[in-house]
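Below is one structure, written out as structure tokens, with a few remarks after it.
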There are 2 protein chains.
Amino acid sequence: MLTSECICTHLRRAARGVSRHYDEALEGFGINVAQFSLLRHLRRLDQPSISTLAEAMGLDRSTLGRNLRVLEADGLVALAEGQDLRNRIVLLSEQGRARLQAAEPAWEQAQSDLIQTLGEGQRDELVRLLEMLA
Amino acid sequence: MLTSECICTHLRRAARGVSRHYDEALEGFGINVAQFSLLRHLRRLDQPSISTLAEAMGLDRSTLGRNLRVLEADGLVALAEGQDLRNRIVLLSEQGRARLQAAEPAWEQAQSDLIQTLGEGQRDELVRLLEMLA
DNA sequence: ACATAATGCGTGTATATACCCGCACCTGGG
DNA sequence: CCCAGGTGCGGGTATATACACGCATTATGT
């Protein structure tokens, strides 16, 4: 019976383990998978505000703000003022873009490992199910 | 194409969101879903050492040690010395057992919400896929 | 028995994450 | 014009998480 198993516990555990796998692959590039993900979101979005980016990533605003500081200190992102004096705009720096590109093959390898474990069909199925929960 | 989507990012995001859902349900019981999970593991296992429990939960040993301190300060778990002077044994206190029992209906509700979203078939499928990754 | 290896843990350090609170700043209604 | 409410953000605090390192203890090989 799966009834007594906590779905959340399974999710958290898998997230930890898979994150370790990706982090290992990204070792030597100076970013972990959370930062990799942030940079990818940033490359895809057009100069989002902190709140917009946080919303896009499903992160709390204050969490994203703190995560950004680490990348800012490393020169990978920059924060500029928006037209509104309240909000700030997040920018992917050239270094950030370069770092992301450099790390992408390693990410691809980690992703391939996982797909090899799951098979493409189950990979698609997993992503579909995860999207239902987001 | 799903090829360009990061499985790990999806996993982490879903874990965050679902954790928030469970945490919300557990509000008022003084434990979050990570702690709930720890207490459940502890109830299931027989006086594990820190390493054994960490292994069972797929957590780093040092992480579990720190998580235990929070619960210990709240009187929900206790740490005793094992026969080996190196290792320590983790015990679920009576308060811990009671707290767990008290929180279980709320957990059940959160779990039910999720199953209603997924359906039982997809719930089983999700858990099966997550176990492949652990 | 002794030296070496393995085991179990704690600490230091760093990042990730969330919630609450408060401070600016904008926006509408009057 | 001004004031109430909404918006965007940072800081405080707490927990979760991992890795590297070191210390004490136990096990092992000769």
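Every chain is numbered from 1, with letters handed out A, B, ... down the list of sequences.
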Does the side chain of B/R12 pick up a donor-acceptor pair with the side chain of A/S37 at under 3.5 Å?
no
Selected nucleotide, minimal atom distance to [X] side chain, candidates [options]:
{"X": "B/L59", "options": "D/dT17, D/dA16, D/dT26", "result": "D/dT17"}
{"X": "A/R12", "options": "C/dG8, D/dT26, D/dA16", "result": "D/dA16"}
{"X": "B/R86", "options": "C/dA18, C/dC25, D/dT25", "result": "D/dT25"}
{"X": "B/D60", "options": "D/dA16, C/dA16, D/dC19", "result": "D/dC19"}
{"X": "B/T63", "options": "D/dT26, D/dT15, D/dT17", "result": "D/dT17"}
{"X": "B/R69", "options": "C/dT11, D/dT15, C/dA18", "result": "C/dT11"}

Comparing B/T52 and A/S62 on DNA chain C - which has the more 5′ nearest nucleotide
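It is B/T52, whose closest nucleotide lies nearer the 5' terminus.
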Pairwise 5' ranking along DNA chain C for A/N67 and B/N87, keeping only the more 5' one
B/N87
All heavy atoms of A/W107 vs all of A/L26, minimum pair found to be N-CD2, 4.1 Å
Show the nearest heavy-atom pair for residues B/M57 and A/R13, with the distance to one decimal.
C-NH1, 3.6 Å
Does any N or O donor sit under 3.5 Å from an N or O acceptor when you compare the side chain of A/R66 with the base of D/dG12?
yes
Could you check whether the side chain of A/S51 and the base of D/dC9 have a donor-acceptor pair of N or O atoms closer than 3.5 Å, going by distance alone?
no
Rounding to a whole Å, what distance do you find between A/D84:CG and C/dT27:P?
6 Å
Check this one for me: any side-chain N or O of B/N32 less than 4.0 Å away from OP1 or OP2 of D/dA16?
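True: B/N32 side-chain N/O within range (under 4.0 Å) of D/dA16 OP1/OP2.
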Using only side-chain N and O atoms of A/Q83, determine if any of them is under 4.0 Å from OP1 or OP2 of C/dC26.
no
Basic-acidic side-chain contact under 4.0 Å: B/R61, B/E55
no
Between A/R20 and A/G65, which residue's closest nucleotide on DNA chain D lies nearer the 5′ terminus?
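Result of the comparison: A/G65.
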